[in-house]
Amino acid sequence: MRFQTLKGFNDILPEDYAYWRFVLGKAVELSDRFGYEQIDTPILEATRLFLRGLQEGSAIVLDKELYSFEDHDGTNVSLRPEFTAGVMRAYVEHGMHTRPRPVKLFAIGPLFRHEKPQAGRFRQHVQFNAELLGEEDAAADLEIMQLAYSLYHELGFKGLQFQLNSIGCPDCRPAYIEKLVAYFQNHHDTLPEVDRRRLRVNPLRVLDTKEEATLALLEEAPRAIDHLCETCREHFESLTGYLDVLALPYVINPRLVRGFDYYVRTVFEVWGEELGAQNALCGGGRYDGLVESVGGPKTPGVGVGIGIERIVLSLKAQGIEPPALPRPEIMTLHLGAEAKTRAVLLTSELRNAGIPALLAFGSRSLKSQLKSAHRAGVRYAVILAEDELARGVATVRDMVDSSQQEVPLSGLLSWLRQRLEIPS
RNA sequence: GUGACCAUAGCUCAAUAGGCAGAGCACCUGGUUGUGGCCCAGGAGGUUUCGGGUUCAAGCCCCGAUGGUCACCCCA
């Protein structure tokens, strides 16, 4: 029985890493540009932390999607299913609320949910996560959205737009939910079974139904944005105003709700193409009560989670090629024991000088070594043999045009550097 | 957790009507002295996902398990 990855877990192979480095490199670059500082929190945390952040209505809790086990000391611990709870814990634990506001953090790493895998959904996936803490200005919501948008834009995506909604706050949302529930109870007989369940467990969830019958009912259903309190309405209007000024494309989607219950006011997603049913490239929103819920002072916050696997899938679907990864352009070949020792030394000198280089291993025929050089895709094969060494030169073969010339060993480094345009 | 479809070499796929498991690509070696690609020859690589059953005979038919894909649920 051969080993294989667990269900829903994937290897990222070298041929995929051009995409990953492209996306992650851009994420880090943009975080720097927007003034976000990097933070890493543990993959494993006390289970209670995640339960508190998620509350009861979330599927992660309901459907036992947490990877949990009992640690040796009896503590129940879990692999993190999302970033925000851990970051909030770190924020409180290290008294980061005493830092100059706002505190802007980003993190990159794997998350784990025991779900049934399908297109764009895995049990382990990597997220780029950004959080802006201690600021309730709608311009903060905008900044988080702009960070996400810039990432997609600079990666070369076309035609993406935000799905945007406001789901109110603890002041105005309860009244809205009451209206919503009342509305659906009036149409209870036409409501499909799945949505009856959602209505009981998490009424807002009915809004993003896929049932035809419910969709028809939603035409007339009360909308959250029509039931916002004064503060929430102003916040939402400021945000859309800023989005207009920056010309960031968005549509107001009254049916947009989010999986985590801690969101207030702003919620948004960006949808990608060719991702099947799992079309959210990122999801985020405002979570003003969250820091408090993990034992910290009342602190407003906005954040976004961006799925790297989905971006990579979407890049491929849109035919966007990442820049090629750098690879050595030189291989040192050799004939004879003395020449091989010299080749080992030369390869080392090249690398120490910052010039990527490969060494032909073994003591095979020149033909075989050239074949290796060809397959490694190098531009130059540097050939060392007794004959050359006696005259203090190396034969450099250009693998592209098949030309060869002798270069004095003393000047080889600078010769190669010049040809490959590597700054010294 | 529910449902549908699928599973043959590292990859992409063949294998009449149940009748000796194959090709292309990739990989290794060779085509004589110190020269890659193209070409030619050869080689390695399989418990046909696994376990049962039917049959003289199963990659093929039946049952079960596992895994994959897609959808629901939910979400990045």
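Letters A, B, ... are given to chains in the order of the sequence lines, protein chains preceding strands, and every chain is numbered from 1. Please read all numbers here as calculations on a predicted model, not as lab measurements.
If you take atom P in B:A76 and the same atom in B:C6, they sit 33 Å apart, rounded to whole Å. Straight-line distance between the C1' atoms of B:U69 and B:G51: roughly 23 Å, to the nearest whole Å. The gap from the C1' atom of B:U55 to that of B:U12 amounts to 33 Å, rounded to the nearest Å. A distance of about 14 Å separates the P atoms of B:C60 and B:A15, rounded to the whole Å. B:G45 and B:G22 have their P atoms separated by 14 Å, given to the nearest Å. One C1' atom belongs to B:G34, the other to B:U49, and the distance between them is 49 Å to the nearest Å. With P as the reference atom, B:C13 and B:C70 are 15 Å apart, rounded to whole Å. Here, B:G18 and B:C61 have their C1' atoms 8 Å apart, quoted to the whole Å.
Comparing atom distances between the A:K7 side chain and each of B:G67, B:C72, B:U29 picks out B:G67 as nearest. With B:G67, B:C74, B:C70 as the candidates, the nucleotide lying closest to the side chain of A:Q4 is B:G67.
Two residues are said to be in side-chain contact when any heavy atoms from C-beta on lie closer than 4.5 Å; A:V264 and A:I167 fail this criterion. No side-chain heavy atom of A:P81 sits under 4.5 Å from any side-chain heavy atom of A:L111. Residues A:H227 and A:K179 are in side-chain contact: their nearest non-hydrogen atoms beyond the backbone lie under 4.5 Å apart. Between A:T395 and A:D387 there is no side-chain heavy-atom pair separated by less than 4.5 Å.
Close placement of the A:Y183 and A:H187 rings is indicated, their centers lying within 6.0 Å of each other.
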What string of B, S and - do you get for nucleotides 32-42 of chain B, 5' to 3', if B is base contact, S is sugar-phosphate-only contact and - is no contact with any protein heavy atom under 4.0 Å?
-> --BBBB-----

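Going from atom CD of A:E65 over to atom C1' of B:C73 covers 9 Å, rounded to whole Å. A straight line from CZ of A:R364 to C1' of B:C28 spans 11 Å, rounded to a whole angstrom. Here B:C74 presents its C1' atom at 14 Å from CG of A:L256, a figure rounded to the nearest Å. Rounded to whole Å, atom C1' of B:G68 lies 11 Å from atom CG of A:N10. Rounded to whole Å, the distance from CG on A:N279 to P on B:C72 is 10 Å. Here the P atom of nucleotide B:C72 and the CD atom of A:E115 are 13 Å apart, to the nearest Å. The distance from atom CZ of A:F3 to atom C1' of B:U66 is 15 Å, rounded to the nearest whole Å. The separation between A:R198 atom CZ and B:C73 atom C1' is 8 Å, rounded to whole Å.
By the 4.0 Å N-to-carboxylate-O rule, A:R121 lies close enough to A:E115 to be salt-bridged with it. We find that A:E406 and A:R391 are joined by a salt bridge, their nearest charged nitrogen and carboxylate oxygen being less than 4.0 Å apart.
Annotation: ring pair (Phe, Tyr, Trp, His ring centres under 6.0 Å) contacts involving residues 363-394 of chain A, sequence neighbours excluded, comprise A:Y380-A:W415. Here side-chain hydrogen bond (donor to acceptor under 3.5 Å, both in side chains) pairs that include residues 140-155 of chain A, with residues two or more places apart or in two chains, are A:K26-A:E154, A:R33-A:E154, A:Y36-A:E143, A:K104-A:E143, A:D141-A:H235, A:D141-A:T266, A:D141-A:R286.
A:G284 comes within 4.0 angstrom of no nucleic acid atom, judged by non-hydrogen atoms across all strands. Across all strands, A:F122 comes closer than 4.0 Å to base atoms (heavy-atom distances).
The residue among A:F9 and A:Q127 whose nearest nucleotide of RNA chain B lies closer to the 5′ end is A:F9. In this structure, A:G8 and A:D208 both approach RNA chain B, and ranking their closest nucleotides by distance from the 5' end singles out A:G8.
RNA chain B forms stems at B:1-7 with B:66-72, B:10-13 with B:22-25, B:27-31 with B:39-43, B:49-53 with B:61-65, each a run of 3 or more consecutive Watson-Crick or G-U wobble pairs whose two key distances fall under 3.5 Å.
The side chain of A:Q118 places no N or O atom within less than 4.0 Å of a non-bridging phosphate oxygen (OP1 or OP2) of B:C70. Close to B:C73, at under 4.0 Å from its OP1 or OP2, lies no side-chain N or O of A:R121.
Every residue two or more places apart in sequence or in another chain was checked for a ring pair (Phe, Tyr, Trp, His ring centres under 6.0 Å) with A:Y242, and none qualifies.
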Please list every donor-acceptor pair under 3.5 Å in which a side-chain atom of residues 251-259 of chain A meets a protein atom from a residue at least two apart or in another chain.
from	atom 1	to	atom 2	distance (Å)
A:N253	OD1	A:R255	N	2.9
A:N253	OD1	A:L256	N	3.4
A:N253	ND2	A:Q163	OE1	3.0
A:R255	NE	A:L207	O	2.8
A:R255	NH2	A:T209	O	2.9
A:R258	NH1	A:E269	OE2	2.8

